[in-house]
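Following: one structure in structure tokens, then a few remarks.
This is a predicted model, so every value here is computed, not measured.
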Amino acid sequence: MSDAFEGYERQYCELSANLSRKCNSAAALHDGEQKRAHISEIKAGIDDADVLIRKMDLEARSLQPNLKAMLLAKLREYKSDLNKLKKEVKKLTSGNPSQVADEELLEAGMSGSHVASANQRDRLMMSTERLNQSSDRIKESRRAALETEELGISILEDLHQQRQTLLHANTKLHGVDDAIDKSKKILTSMSRRISRNKWIIGSIIAALVLAILLILYFKLFHH
């Protein structure tokens with residue numbers, strides 16, 4: 001419960017009890033001057049009680065719906081109690097019982113209309129609060145949907161970048177394969193040349209050896 005509401009409630013209960021005692025005391029008085037002084041104090045106290053009632057009403061309407069409904073129900077009891085005190089004061093100030101009765105009937109009718117109006121106002125405020133809550137939920141849902149959409153776009157962009165990276169890597173791999181194929185061809189060509197050169201060098205060496213042998217033969221056996 002609200003601390004402010006509890007403070008106003010405590011003040012009102014103390015003031016209401018004090019006003020009830022003063023009403024009983026004033027009813028027992030026969031001296032006109034003393035009675036008027038008591039009634040004047042009671043009216044001032046009732047004005048203070050009205051102020052406390054209004055403060056409690058404003059505080060209760062600023063709270064959460066479930067707590068507000070409970071406090072407003074309690075507040076209606078305090079208003080009814082205060083109306084009884086007002087009627088007691090009117091009885092003390094009026095010497096015509098029938099006039100008092102007529103005024104009470106009129107006030108009862110007005111009070112009924114005020115209660116109905118207050119109930120309609122409460123229902124309207126509750127409906128407004130429900131609409132506000134629904135609007136807040138819709139806004140929250142839209143915000144979540146926008147965040148989800150942004151996240152999806154971000155994921156798609158990341159996937160696109162990864163795809164581009166893979167395509168680029170694939171292109172590089174094709175380039176490496178081409179380079180390897182060229183290197184293999186060059187090496188094969190070089191290997192063939194080396195083999196061919198070996199045969200040529202071998203033939204030259206054999207020819208040189210044969211020539212040397214012939215030269216030696218002629219020198220040794222034809223002197």
Side-chain angles (χ1 to χ4, degrees), residues 1-10 54-76 117-223:
M1 186 182 295
S2 168
D3 293 336
F5 188 92
E6 287 183 350
Y8 298 143
E9 183 180 28
R10 185 166 53 252
R54 285 195 294 273
K55 287 181 178 180
M56 282 191 284
D57 186 76
L58 290 173
E59 181 65 23
R61 294 182 187 281
S62 67
L63 300 175
Q64 297 177 353
N66 55 347
L67 185 58
K68 181 179 74 174
M70 180 183 69
L71 295 181
L72 288 177
K74 183 183 291 188
L75 195 57
R76 282 193 288 271
S117 177
N119 290 335
Q120 290 177 355
R121 186 170 62 252
D122 290 343
R123 286 194 296 270
L124 180 60
M125 291 182 69
M126 290 179 68
S127 299
T128 303
E129 287 179 359
R130 290 195 188 99
L131 287 174
N132 290 335
Q133 290 174 358
S134 299
S135 178
D136 291 340
R137 284 195 293 270
I138 291 171
K139 289 179 180 177
E140 184 66 22
S141 299
R142 287 186 62 189
R143 187 182 65 80
L146 288 174
E147 288 179 353
T148 303
E149 182 180 357
E150 290 176 357
L151 179 60
I153 292 172
S154 177
I155 291 172
L156 287 175
E157 289 177 351
D158 290 340
L159 290 173
H160 179 70
Q161 291 177 356
Q162 291 175 7
R163 180 176 178 273
Q164 293 298 324
T165 302
L166 290 173
L167 290 173
H168 185 63
N170 190 38
T171 303
K172 284 186 175 181
L173 287 174
H174 282 301
V176 171
D177 287 341
D178 292 340
I180 291 172
D181 289 339
K182 289 179 180 179
S183 299
K184 284 174 68 177
K185 289 178 180 178
I186 292 170
L187 290 173
T188 302
S189 177
M190 290 175 65
S191 177
R192 288 175 181 173
R193 287 178 183 177
I194 290 170
S195 297
R196 186 168 60 251
N197 290 337
K198 281 181 180 180
W199 284 105
I200 293 171
I201 291 169
S203 299
I204 291 170
I205 291 171
L208 289 172
V209 170
L210 181 61
I212 291 168
L213 289 174
L214 287 172
I215 291 168
L216 289 173
Y217 174 77
F218 282 110
K219 281 186 176 184
L220 291 173
F221 296 102
H222 292 280
H223 284 289

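Looking only at distances, no side-chain donor or acceptor of Ser189 sits under 3.5 Å from a matching main-chain atom of Lys185.
The line from OG1 of Thr188 to CZ of Arg192 is 6.5 Å long, rounded to the nearest 0.5 Å. Here CG of Leu187 is found 11.5 Å from CD1 of Ile180. Values are rounded to the nearest 0.5 Å. Rounding to the nearest 0.5 angstrom, the gap separating the OG1 atom in Thr148 from the CD1 atom in Ile153 is 11.0 Å. The distance from the NZ atom of Lys172 to the CG atom of Leu167 is 13.0 Å, given to the nearest 0.5 Å. In this structure, the separation between CZ on Arg61 and CG on Leu75 is 8.0 Å, given to the nearest 0.5 Å. Rounded to the nearest 0.5 angstrom, Gln162 CD and Ile155 CD1 are separated by 10.5 Å.
Two residues are said to be in side-chain contact when any heavy atoms from C-beta on lie closer than 4.5 Å; Met56 and Lys74 fail this criterion. Asp57 places none of its side-chain heavy atoms less than 4.5 Å from the side chain of Leu71. Here the side chains of Glu6 and Asp3 are in contact, with some heavy-atom distance below 4.5 Å.
For the pair Lys68 and Ala60, the tightest heavy-atom approach, listed with the atom from each and the gap, is CG-O, 3.0 Å.
Evaluation of the side chain to side chain contact (heavy atoms under 4.5 Å, CB included) rule for Arg10 yields Glu14 as partners, not counting sequence neighbours.
One finds no salt bridge joining Asp178 and Lys182 here, because no Lys/Arg side-chain nitrogen approaches an Asp/Glu carboxylate oxygen to under 4.0 Å.
Annotation: salt bridge (charged side-chain N to carboxylate O under 4.0 Å, His left out) contacts involving residues 147-166, sequence neighbours excluded, comprise Arg143-Glu147.
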Only pairs under 3.5 Å count here: list side-chain donor-acceptor contacts from residues 194-212, not counting sequence neighbours, and write none if there are none.
unit_1: Ser195; atom_1: OG; unit_2: Ser191; atom_2: O; d: 3.1
unit_1: Asn197; atom_1: ND2; unit_2: Arg193; atom_2: O; d: 3.2
unit_1: Ser203; atom_1: OG; unit_2: Trp199; atom_2: O; d: 2.8

